2 protein chains.
Amino acid sequence: MTLEQLRTFLWVARLGGIRRAAQQMNISQPAVSNRIALLEADLGTQLLDRSRKGVMLTKQGVMLRTHAEQILQSVERIRAEVVPPENMTALLRLGVAETIVQSWLPEFLGRLRATHPRVTIEISVDISRNLREHLFDRTLDLALLMGPVSDYSVENVELPEFAMAWFRPVALEKPDLTRVPVISYHRQTRPYLELRTQLQDRYGNGIQMFSSSSLSAGFEMVAAGLGVGVFPRVLGERMQPGRIREFDPGWMPRPLSFSASYIGHPRDALAARAAQMAREVALEHAAETGAET
Amino acid sequence: MTLEQLRTFLWVARLGGIRRAAQQMNISQPAVSNRIALLEADLGTQLLDRSRKGVMLTKQGVMLRTHAEQILQSVERIRAEVVPPENMTALLRLGVAETIVQSWLPEFLGRLRATHPRVTIEISVDISRNLREHLFDRTLDLALLMGPVSDYSVENVELPEFAMAWFRPVALEKPDLTRVPVISYHRQTRPYLELRTQLQDRYGNGIQMFSSSSLSAGFEMVAAGLGVGVFPRVLGERMQPGRIREFDPGWMPRPLSFSASYIGHPRDALAARAAQMAREVALEHAAETGAET
DNA sequence: TATGTTTACGCTATGCGTAAGAATC
DNA sequence: GATTCTTACGCATAGCGTAAACATA
């Protein structure tokens with residue numbers, strides 16, 4: 001019995017097929033078949049019922065699964081507790097929503113690289129909707145996104161909220177929301193949809209909205225006089241300084257809630273640790289700027 | 001990280017030396033060095049302090065040890081619970097005291113072979129003193145001996161006691177213990193030593209004792225008229241039928257207590273199971289013959 | 001035929017033992 | 001110099017991927 005055999009067996013059990021497990025593990029499908037066959041031979045008992053659509057666990061397979069999960073969890077704990085962080089070698093595929101990029105991501109990356117210098121970090125900036133998807137297909141280990149991700153398999157570490165604010169070009173002193181376009185997040189994000197609903201409730205259907213998948217582009221549009229913007233307050237203080245102003249039309253959209261989310265099963269100790277670190281950095285950042293909550 | 005590496009590390013930790021671990025595992029000493037080196041490289045941290053006299057665990061080594069023991073215990077549990085007994089392939093090196101051989105060993109072996117047909121059983125019959133020793137140097141997996149073995153590393157499963165009795169040759173109606181030799185167990189066994197003390201307390205130093213490392217030889221000596229014997233009562237009923245008689249000199253030695261003993265750390269699931277089975281068989285046997293307790 | 005498995009087979013790289021080297025008392 | 005661990009090196013083989021065969025709906 002080897003740990004690779006157990007790990008392979010668990011992927012087969014989790015994904016319900018040898019082919020799928022092979023794909024997940026980036027090895028050939030016969031290699032998985034072989035590992036399972038060796039494990040079965042070693043234990044002298046059948047673990048899988050092979051059928052047309054994938055595989056089912058036998059009674060022994062079910063029992064093995066429990067133990068195997070425990071074992072691999074212990075292995076994870078070894079990596080988390082025994083290995084000094086500065087020696088930890090791994091790849092962390094990190095997905096980040098742009099709002100985070102523009103506020104405290106640099107501090108977070110700095111801290112992460114300081115404590116885990118041998119960890120390679122691979123960053124994808126995307127809208128939360130896509131980040132969530134990539135979390136599920138396991139092409140991301142950790143996502144800093146508009147959360148939480150409500151799925152039983154995902155662990156969410158709550159991050160501080162971002163208070164929203166209205167921004168206008170300097171020239172436009174008293175914007176009339178029924179006549180000026182409102183610029184905000186990407187069409188497929190929650191804040192965009194919420195904002196549209198609220199605008200329609202208050203001002204009817206005549207409202208014109210622009211959406212931008214890039215925050216800085218959105219701010220640029222506001223600064224250029226194309227309309228007013230609804231963005232996190234803290235970002236306005238550092239983007240387009242002097243070219244935009246905050247204003248109060250009498251109401252505010254809800255603050256944006258973010259989370260650091262990762263797959264909890266199988267547990268990735270590094271992702272868990274990084275998520276906690278993200279929370280710490282974000283809280284410190286919020287305390288300094290004093291504005292996010 | 002592989003299970004072999006963890007197992008090897010544990011032996012090094014337990015025995016305090018790479019050479020000793022190699023000896024224990026029946027592999028070359030550089031092989032052990034290499035496994036440890038690979039494990040250290042994998043975890044990116046030093047696990048052992050190499051010194052002149054064996055090795056010491058580092059802080060990380062101590063932490064790893066705990067987790068590794070847990071992991072290998074889980075592996076043991078898999079073998080014990082997931083594998084059907086009839087498919088369990090293993091070698092059980094069994095040490096047995098002759099008293100057991102002469103009473104219920106055959107039933108025990110029969111049951112063991114029935115439930116675990118693929119397990120190879122290797123039997124050594126010896127006096128308990130030597131069995132105990134071979135348990136410690138790990139050349140025995142399980143010993144059925146006069147117990148218990150009082151050592152923190154040994155698990156003892158209590159077996160039914162054997163009541164003792166006095167036997168005489170048919171011809172010698174009323175033996176005088178001060179004049180007739182007393183025949184019993186091997187010189188280095190506890191019952192022999194206890195018996196000698198009691199005889200000296202009661203009759204002074206004049207007592208003559210014969211000892212036999214073979215029970216059947218001891219009975220033969222009694223039958224042949226060389227002296228009286230002190231042996232488990234149940235054995236007298238089947239050995240030398242008709243040629244010996246029980247008698248009562250007014251006192252009895254203490255009953256013999258036996259145990260099924262095995263090393264508890266690292267735990268051997270098969271030995272543990274066999275020990276329980278020995279207890280069951282022995283209790284049934286005692287109930288049938290009705291004489292042992 | 002489409003899907004998912006096992007079997008067959010050549011090849012690479014891991015990990016063994018032997019033998020020699022290095023360190024420590 | 002005795003003891004114990006590491007390094008060096010040739011070699012066997014465990015386990016990989018490719019390709020083909022097999023099973024089942």
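In this text the structure is predicted, and so the values were computed from the model without any measurement. Lettering follows sequence order; numbering is per chain, from 1.
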Between [options], which nucleotide gets closest to the side-chain atoms of [X]?
X     : options                : value
B/P30 : C/dA19, D/dA19, C/dC16 : C/dA19
A/V55 : D/dG15, D/dT7, C/dT5   : C/dT5
A/I18 : D/dT7, D/dG17, C/dT6   : C/dT6

_Tell me whether A/E158 at atom CD has more than 12 heavy atoms from other residues, nucleotides or ligands lying less than 6.0 Å away._
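Count not over threshold, so no.
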How many whole angstroms separate atom [atom1] of [X] from atom [atom2] of [N]?
X     : N      : atom1 : atom2 : result
B/D49 : C/dT24 : CG    : C1'   : 14 Å
B/L15 : D/dT4  : CG    : P     : 13 Å
A/M56 : C/dG4  : CE    : P     : 17 Å
B/L3  : C/dG15 : CG    : C1'   : 16 Å
A/E4  : C/dG15 : CD    : P     : 12 Å
A/Q29 : D/dC16 : CD    : P     : 13 Å
B/M1  : C/dG15 : CE    : P     : 14 Å
B/I36 : C/dG15 : CD1   : C1'   : 14 Å

Side-chain N or O of [X] closer than 4.0 Å to phosphate OP1/OP2 of [N]:
X     : N      : value
B/R35 : C/dT14 : no
A/S33 : C/dT5  : no
B/R50 : D/dT6  : yes

*Within the distance-only criterion (no hydrogens, no angle test), does the side chain of B/E40 pair as donor or acceptor with the backbone N or O of B/L47 below 3.5 angstrom?*
yes
_Pair B/R14, B/E69 - check salt bridge (Lys or Arg N to Asp or Glu O under 4.0 Å), show working._
CA-CA 11 Å; B/R14 278 199 276 263; B/E69 303 235 292; 3.0 Å; yes
*Return yes if a side-chain donor-acceptor contact under 3.5 Å exists between B/Q60 and B/T45, otherwise no.*
yes
_Within the 3.5 Å criterion, strictly below it, is a donor on A/T99 or A/Y185 matched to an acceptor on the partner's side chain?_
yes
